[in-house]
Amino acid sequence: MAITQARTMPGVLELLPLDQVAFQSMLDAIRRNFERFGFLAIETPVMEYSNVLLTKQGGETERQVYFVQSTGALQAAREGELPELALRFDLTVPLARYVAEHERELVFPFRRYQMQRVYRGERAQRGRFREFYQCDIDVIGKDQLSVRYDAEIPAVIYNVFRDLRIGDFTIQINNRKLMRGWLETLGIQGAPAQAAVLREVDKLDKRGAEAVRATLTGADFGLAADAASALLDFVAFRSTSLDAALARLDALGSGSEALEQGRAELREVLTLIRAFGVPESHFALNLSIARGLDYYTGTVYETTLNDHPQIGSICSGGRYENLAGHYTRSHLPGVGISIGATRLFWQLREAGLIGSGRSTVEALVAQLDEADLPRYLGLAGELRAAGINTEVILEAGKLARQFRYADRAGIRFVLLLGSEEIARDAVTVKDLRAATQETIARGEVAAHLRAALR
RNA sequence: GUGGACGUAGCUCAGCUGGUUAGAGUCCCGGAUUGUGAUUCCGGAUGUCGGGGGUUCGAGUCCCCUCGUCCACCCCA
């Protein structure tokens with residue numbers, strides 16, 4: 001019989017059990033902190049109607065979306081017609097659809113978190129995935145939403161990454177209004193031109209100042225040399241403290257309405273972040289943060305690891321003026337952020353900041369004599385009742401093999417209940433990690449393991 | 001979508017200018033008698049050299065096509 005090669009498509013992350021444990025605990029930490037800040041979980045379907053998902057035609061998204069079709073629909077499909085369904089490529093568009101659809105049943109400001117997989121038909125590349133987890137929080141207001149919520153988001157992010165223990169990080173903050181207002185004073189008018197310039201500026205850390213200068217003064221942009229210099233000088237600013245950030249804002253001088261708005265928002269947001277308990281060492285005003293996505297209108301965020309700049313942004317988001325304009329006439333402003341958990345996990349593992357997890361199986365009851373199986377099951381029952389995850393060897397075999405199994409499966413404790421132990425009403429507990437073993441009274445085994453596992 | 005590199009055991013790779021049955025490490029499996037893993041020792045399994053065609057007495061090695069993978073750009077988590 002021909003053998004089919006067992007393989008996954010490129011761009012998916014499939015983990016061995018102990019790595020899966022590590023990934024799960026990362027997701028658990030994220031969820032715990034989202035909930036701690038009063039966000040509620042929702043889930044939306046993996047598939048959405050294509051016309052809902054692709055509200056803006058002809059963009060990048062259409063190139064990257066996976067369409068879904070049942071066999072019947074495939075056969076009935078007409079030439080040149082898009083399939084009815086598609087896989088979501090982020091969680092923000094489904095959120096917009098969700099809020100618009102359930103607007104009357106939701107309580108505003110609506111604070112939701114969502115941790116689900118999304119799909120993008122990307123060209124396979126290192127550290128880029130076609131199926132990956134996004135962990136999003138957003139606050140959606142009805143008609144209006146205070147800029148104070150813009151300060152709450154970094155507080156959540158601070159708590160998440162502190163919990164993950166992956167080293168020092170900085171939440172970098174900027175404001176699109178401020179940037180647009182400042183670009184106007186440079187003579188760069190109009191949203192598309194400004195967005196294009198900001199996209200280049202956004203690459204500053206990756207490409208370097210001179211490469212960006214060359215692009216800006218090149219044929220596509222045609223910026224004057226002194227304007228480009230002024231711009232590069234301006235966006236080079238990174239605050240080292242809250243006072244330094246506020247002083248920089250004060251020093252901007254007066255400008256357009258957009259600049260004044262952006263400045264006022266940034267002042268309030270930066271000051272309040274401090275009040276939310278985020279240490280000054282962990283957030284900064286960074287005037288080069290722009291974000292590529294064009295729907296951001298105010299505050300924008302990007303988080304980086306201080307000791308691993310090459311990893312890039314591990315979490316990003318911002319403020320948008322109208323979330324669901326494609327689906328409802330209601331005005332729904334919001335602010336949110338997204339953690340790309342799959343990529344983050346992969347990069348942390350590459351950088352050696354995350355190892356394999358520990359098996360969730362805590363104890364293994366060995367089999368010394370098949371006739372004593374009922375005793376083994378009884379012991380396992382007691383341990384489980386005491387909250388210890390316990391497995392029993394059900395197949396007879398050499399003891400050495402049973403130990404090898406425990407070792408390879410990453411199970412820390414092996415319990416022996418043989419004739420000697422039965423006679424003494426005791427259990428021999430071997431700790432494979434410490435390579436020690438002792439014989440303990442039957443009634444104290446659970447408490448002993450609990451203490452050791454703590 | 002544009003441009004560029006690379007395809008040899010499950011994994012990491014060696015194989016000099018074409019020359020016998022294609023190798024190493026690792027991993028996997030088995031053994032080293034009694035109720036003890038990971039360490040040590042011994043033994044074993046595994047490849048249409050990505051696929052197809054061509055040049056040649058002879059191709060893992062040279063040429064063409066094709067498929068696949070990876071990298072950069074675009075974009076983004």
Side-chain angles (χ1 to χ4, degrees), chain A residues 2-3 5-11 13 16 26 30 58-65 88-92 114-136 157 195-196 199-200 202-203 206-207 211 215 220 290-296 301-304 311-318 336-348 364 366-369 372 393 396-422 427-439:
Chain A
I3 295 287
Q5 192 186 358
R7 59 177 195 142
T8 56
M9 59 180 240
L13 183 70
L16 293 173
M26 187 175 111
I30 295 170
E60 273 302 311
T61 49
E62 195 163 357
R63 211 180 76 194
Q64 294 195 334
V65 80
R88 61 175 172 221
F89 52 85
D90 71 7
L91 299 178
T92 305
Q114 196 169 350
M115 302 170 56
Q116 293 191 273
R117 291 198 254 218
V118 304
Y119 299 83
R120 289 187 195 174
E122 300 241 22
R123 193 75 150 241
Q125 217 174 108
R126 200 177 165 71
R128 318 201 68 181
F129 294 90
R130 292 154 111 177
E131 176 187 72
F132 59 96
Y133 273 89
Q134 282 197 328
C135 306
D136 282 27
I157 294 313
R199 253 201 305 281
E200 284 310 307
D202 206 40
K203 296 173 188 166
K206 191 175 173 187
R207 298 185 59 205
T215 306
D220 289 347
R291 307 283 303 122
L293 295 177
D294 41 340
Y295 55 76
Y296 292 122
Y301 318 96
E302 235 118 315
T303 302
T304 51
I311 285 181
S313 177
I314 57 176
C315 166
S316 52
I337 205 155
S338 175
I339 302 173
T342 302
R343 182 197 267 186
L344 176 61
F345 179 79
W346 186 87
Q347 283 174 316
L348 292 176
L364 178 73
Q367 182 175 138
L368 294 169
D369 185 343
D372 285 327
I393 298 266
K398 281 186 174 176
L399 191 59
R401 180 175 290 279
Q402 298 182 39
F403 272 94
R404 197 154 65 99
Y405 169 77
D407 182 53
R408 287 164 60 153
I411 303 169
R412 182 170 165 191
F413 292 101
V414 174
L415 274 48
L416 302 179
L417 189 53
S419 52
E420 284 175 41
E421 286 86 359
I422 291 168
V427 176
T428 295
V429 176
K430 175 153 182 173
D431 181 340
L432 295 197
R433 200 185 307 158
T436 58
Q437 97 176 32
E438 55 187 313
T439 302

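These numbers come from a predicted model, not from an experiment. Each chain gets a letter, A, B and so on, in the order the sequences are listed, and its residues count up from 1.
Here K203(A) reaches the OP1 or OP2 of C75(B): one of its side-chain N or O atoms lies under 4.0 Å away. Proximity of K398(A) to the phosphate of A32(B): a side-chain N or O atom is located under 4.0 Å from OP1 or OP2.
Regarding Y296(A), its OH atom lies at a distance of 14 Å from the C1' atom of C75(B), rounded to whole Å. Rounded to an integer number of Å, the gap from R408(A) CZ to A38(B) P is 9 Å. Between the CG atom of L364(A) and the P atom of G35(B) there is a distance of 17 Å, rounded to whole Å. Straight-line distance from the OH atom of Y119(A) to the P atom of C75(B): 26 Å, rounded to whole Å. Between the CD atom of Q64(A) and the P atom of C76(B) there is a distance of 9 Å, rounded to whole Å. As a whole-Å value, the separation of Q347(A) CD from C76(B) C1' is 12 Å. Computed from coordinates, the R120(A) CZ to C75(B) P distance equals 14 Å when rounded to whole Å. Atom P of nucleotide C76(B) and atom CD of E302(A) are separated by 11 Å, given to the nearest angstrom.
The side-chain heavy atoms of I422(A) and L417(A), taken from C-beta on, include a pair separated by under 4.5 Å. Taking the side chain as every heavy atom from C-beta outward, V414(A) and Q402(A) never approach each other to under 4.5 Å. With contacts defined as side-chain heavy-atom distances shorter than 4.5 Å, the pair V118(A)/F132(A) qualifies. Between E420(A) and T428(A), every side-chain heavy-atom pair lies at or beyond the 4.5 Å cut-off.
Put simply, the side chain of T342(A) gets close to the backbone of Y133(A): a donor and an acceptor are under 3.5 Å apart. Under a 3.5 Å cut-off, the side chain of R120(A) and the backbone N or O of Q64(A) do not form any donor-acceptor pair. Side-chain N or O atoms of R128(A) include none that pairs as donor or acceptor with a backbone N or O of R343(A) at under 3.5 Å.
The base of C75(B) lies outside donor-acceptor range of the side chain of R199(A), with no N or O pair under 3.5 Å. In terms of polar N and O atoms assigned as donor or acceptor, the side chain of R128(A) never comes within less than 3.5 Å of the base of A77(B) in a complementary pairing. Counting atom types as modelled, Q402(A) pairs no side-chain N or O with a base atom of U36(B) as donor and acceptor under 3.5 Å. With hydrogens and angles ignored, a donor-acceptor pair closer than 3.5 Å exists between the side chain of E421(A) and the base of G35(B).
Minimum heavy-atom separation, I393(A) to Q367(A): O-NE2, 2.9 Å. Across all their heavy atoms, I157(A) and C315(A) have their closest contact at CD1-SG, 3.6 Å.
If you find the closest nucleotide of RNA chain B to D407(A) and to R401(A), the one lying nearer the 5' end belongs to R401(A). Checking L416(A) against L344(A), the closest nucleotide of RNA chain B that is more toward the 5' end is the one next to L416(A).
Stacking here means ring centres nearer than 5.5 Å and ring planes tilted less than 30 degrees, and by that measure F132(A) stacks onto A77(B).
Contacts of R404(A) with the nucleic acid, taken as non-hydrogen atoms under 4.0 Å apart, involve only primed sugar atoms and P, OP1 or OP2. Across all strands, S419(A) comes closer than 4.0 Å to base atoms (heavy-atom distances). A341(A) comes within 4.0 angstrom of no nucleic acid atom, judged by non-hydrogen atoms across all strands. Looking at heavy-atom distances under 4.0 Å, A406(A) makes no contact with the nucleic acid at all. In this structure, Y133(A) reaches neither bases nor backbone, as no heavy-atom distance under 4.0 Å exists between it and the strands shown.
When the C1' atom is compared between G31(B) and A45(B), the two are found 15 Å apart, to the nearest whole Å. Comparing G10(B) with G1(B), their P atoms sit 31 Å apart, to the nearest whole Å. Separating the P atom of U39(B) from that of G30(B) is a span of 15 Å, rounded to the nearest Å. With P as the reference atom, U8(B) and G52(B) are 16 Å apart, rounded to whole Å. C62(B) and U69(B): their C1' atoms are spaced 23 Å apart (whole Å). Separating the P atom of A5(B) from that of C65(B) is a span of 14 Å, rounded to the nearest Å. For U20(B) and A59(B), the P atoms lie 12 Å apart once the distance is rounded to whole Å. When the C1' atom is compared between G44(B) and G54(B), the two are found 40 Å apart, to the nearest whole Å.
The side chain of L399(A) lies closest to G35(B) when the candidates are A77(B), C75(B), G35(B).
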Does the pair Q116(A) and L91(A) meet the rule for a side chain to side chain contact (heavy atoms under 4.5 Å, CB included), with working shown? CA-CA 8 Å; Q116(A) 293 191 273; L91(A) 299 178; 4.2 Å; yes

Where each pair must be Watson-Crick or G-U wobble with both distances under 3.5 Å, what dot-bracket representation of RNA chain B is obtained, with crossing pairs in [ ] and other-strand partners as |? (((((((..((((.....[...)))).(((((.......))))).....(((((..]....))))))))))))....

